[in-house]
Amino acid sequence: MKYWLIKSEPHDYSLADLQADGVEIWDGVRNYQARNFLREMAVGDRLFYYHSNTKPPGIVGLAKVTQANVVDPTQFDAEHKYFDPKATPEKPRWQTVKVGYTSTFATMITLTQLKENFTPDEFAVVRRGNRLSVMPVAEDVAKRLYALADYDGTA
DNA sequence: GCCAACGTTGGC
DNA sequence: GCCAACGTTGGC
């Protein structure tokens, strides 16, 4: 089992939205580095859910991978914002995963706290100018995040 | 709303 | 294949 961080703008799709939906396809990622991480994900992997472009930004809870290697259907839809004219059903370019809700932290871990606790080398999300929306989280970092959130690690 | 960072596009 | 222009992300 691996750990990852996924970003979402809460006014677009928040952790509460995922809680309401239960499971949702993580579509719309159009960055190759992020896609390559999505391709590496396996069922059961843990996802730290990060709210970006909000005050304050930070990790608000946990989700999990419920299905791996899912073809993102929005790439084929000419009407869709995430349409990719170079993708075909025979040769899709964008794979993703389905994510399931796990839990919401009693108190979020703000970006300020993340910067106080982790170096940019340890955790890319605190790197200045970082725009990657999917990134791996090292196991020791994940354990320290659990401690910061007062989360017992079971879900 | 500003702007730094940085990925992508397209002309050459 | 280089690189300037452009668009987007996302913190502040």
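All figures in this text were calculated on a predicted structure; none of them were measured in a lab. Here is the naming used below: chain letters follow the sequence lines, and residue numbers restart at 1 for every chain.
A tilted orientation is assigned to the rings of A/F48 and A/F105, their planes being inclined by 30° to 60°.
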Verdict with reasoning, A/R46 to A/M1, per side-chain contact (heavy atoms from CB on, under 4.5 Å): CA-CA 7 Å; A/R46 298 280 181 94; A/M1 186 198 42; 3.4 Å; yes
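Note: CG (A/N31) to C1' (C/dT9) measures 10 Å, nearest angstrom. Following rounding to the nearest Å, A/Y82 (OH) and B/dT8 (C1') show an atom-to-atom distance of 16 Å. A/K86 places its NZ atom 10 Å from the C1' atom of B/dT8, with the value rounded to the nearest Å. One interatomic measurement links the two molecules: CG of A/L5 to C1' of C/dG10, which rounds to 14 Å at whole-angstrom precision. Distance CH2 (A/W94) to C1' (B/dT8): 10 Å, rounded to an integer number of Å. Atom C1' of nucleotide C/dC12 and atom CD of A/E9 are separated by 15 Å, given to the nearest angstrom. Regarding A/M135, its CE atom lies at a distance of 12 Å from the P atom of B/dG7, rounded to whole Å. Here the C1' atom of nucleotide B/dC6 and the CG atom of A/L132 are 11 Å apart, to the nearest Å.
For A/Y32, no side-chain nitrogen or oxygen approaches OP1 or OP2 of B/dC6 to under 4.0 Å.
Side-chain N/O atoms of A/T119 and A/D121 include no donor and acceptor closer than 3.5 Å.
The residue A/K7 sits close only to the backbone: its heavy atoms come under 4.0 Å of sugar-phosphate atoms, none of a base.
For the segment residues 119-130 of chain A, residues with any heavy atom less than 4.0 angstrom from an atom of DNA chain B are, sorted by number, A/R128, A/G129.
Panel note: side chain A/R128, backbone A/P120; no donor-acceptor pair is recorded below 3.5 Å. With A/Q75 contributing its side chain and A/A87 its backbone, the two residues share no donor-acceptor pair below 3.5 Å.
Two rings, from A/Y13 and A/Y49, have their centers 6.0 Å or more apart.
Of the candidates B/dG7, C/dG10, B/dC6, B/dC6 carries the atom nearest the A/R131 side chain, counting heavy atoms from C-beta on.
Taken to the nearest 0.5 Å, the OG1 atom of A/T66 stands 10.0 Å off from the CD atom of A/E24.
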